[in-house]
Amino acid sequence: MPKKVILDVDPGIDDAMALCIALFDPDLEVVAVTAVGGNCPPDQATRNVQAVIEQLDPPRWPRVGAASPPDHDLPVDGRNLHGLDGLGGTNLEVAELRSRHPSEKVIADAVRAAPDAVTIVALGPLTNIARVFLRDPELASLVGEIVISGGTVSGPGNITPAAEFNIFCDPESAREVFLSPSTKTLVPLDVTNQIILSYDLFNRLPDESTKVGKLLREILPPAFRAYRQEFGLEGIHVHDSVALIAAVHPELFVTEEMAGDVETMGELTCGATVFDRRRVPAWRHNMEVAVGMDKEKVVQQIIRGLGGTPY
Ligand code: RIB
Ligand code: CA
């Protein structure tokens, strides 16, 4: 029985890569792809979701949720890793903007339609999910699991010294989700930063005649350029693909039960994820956190999921 998933995304080149994997995985039923602002403004995120799905034309089209503005302005991400349009400046065409149901409504409807059976793979800021829980608190207990790409445990942030980007974009929503009674697994930068795909990735992509091969050859070169310019790296992180693999193949990851919360006020630490790891913690455990993985197998799963040639 395919696993029902909702992908909540802020495409975002690594979000798009995760969509390339999920939409063609026979073991997954992607019931919805819901857009959220983050790597690009909300309306652009919605356009990018539609454009990627149209380009990929998967066997089964998911419902699409439209991103609505967060309660606070999104930070300007000066790193520009994803380009001004969020997809490396490719400005992919969208045939037509279909009816735009708000992401939070699409998520709520999908969870209600299959109680305890839907995994939300949260690959962007947690704005949509917090709104779902605020409007209908019962849903937090009806979601099968939320797998979250974001946060840090002991490593540095990537948008500030203390904060990871998805959490930093909307710390209040992240806190709402962290403290909700939902079943959560966090895949933090401490783990996702361990994988850097080199230029050899281009030798392993599916043929350019395939939909995935064509799309990736458009959006990956700008990502490699941005990583070289920004970090001097000869490779790219693929945070969201790693988080997706954690949702589909949890056996490849080591997790620890932790008590986590989010700083929402600090001048220097806003968006930081904080965990009570004292010998006798006072906070109640509220999530599983990935602390390790079988890197080789995760990379193989990513390449295989893209329909490429594994290393
Ligand atoms: O910090 C990495 C996360 O922020 C990824 O989800 C990336 O797409 C950006 O949203
Ligand atoms: Ca993302």
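Just follow the structure's listing: the first ligand is 1, and inside any ligand the first atom is 1.
- When you scan the N, O or S atoms of Asp240 for the one nearest the Ca ion (ligand 2), you land on OD2.
- Within the 4.5 Å cutoff, no side-chain heavy atoms of Ile245 are placed close to those of Met293.
- Residue contacts with ligand 1 for Leu123 involve N, CA, C or O but no side-chain atom from C-beta outward (heavy atoms, distance under 4.0 Å).
- Taking the six-membered ring for Trp and thresholds of 30 and 60 degrees, Tyr227 and His237 have ring planes more than 60 degrees apart, a perpendicular arrangement.
- Side-chain atoms of Thr160 and Leu268, non-hydrogen and from C-beta on, never get closer than 4.5 Å to each other.
- For Asp10, the N, O or S atom with the smallest separation from the Ca ion (ligand 2) is OD1.
- For the pair Val52/Leu215, a side-chain contact is recorded, criterion being any heavy-atom separation below 4.5 Å from C-beta on.
- Given atom 10 (O) of ligand 1, the protein heavy atom at minimum distance is Asn166 OD1, 2.8 Å.
- For ligand 1, the atoms sitting less than 4.0 Å from at least one non-hydrogen atom of His239 are 2 (C), numbered in the order shown with element in parentheses.
- Under the 4.5 Å side-chain criterion, counting only non-hydrogen atoms from C-beta, Met17 is in contact with Leu216.
- Screening Arg63, Lys3, Arg60 for a salt bridge (Lys or Arg N to Asp or Glu O under 4.0 Å) involving Glu29 leaves a single residue, Arg60.
- Shortest contact from atom 6 (O) of ligand 1 to any protein heavy atom: Asp240 OD1, 2.6 Å.
- With a cut-off of 3.0 Å, the Ca ion (ligand 2) has no N, O or S atom of Gly12 in range.
- Looking only at heavy atoms of the protein, atom 8 (O) of ligand 1 is closest to Asp14 OD1, 2.5 Å.
- Here the side chain of Asp240 pairs no donor or acceptor atom with the backbone of Ser149 at under 3.5 angstrom.
- Of all the heavy atoms of Asp15, the ones lying under 4.0 Å from any atom of ligand 1 belong exclusively to the side chain.
- Among all non-hydrogen protein atoms, the one lying nearest atom 2 (C) of ligand 1 is Glu164 OE2, 3.3 Å.
- Side chain of Asp10 to main chain of Asn39: a donor-acceptor pair is present (N/O by atom type, distance under 3.5 Å, no hydrogens or angles).
- Of the heavy atoms in Ile159, none comes closer than 4.0 Å to ligand 1.
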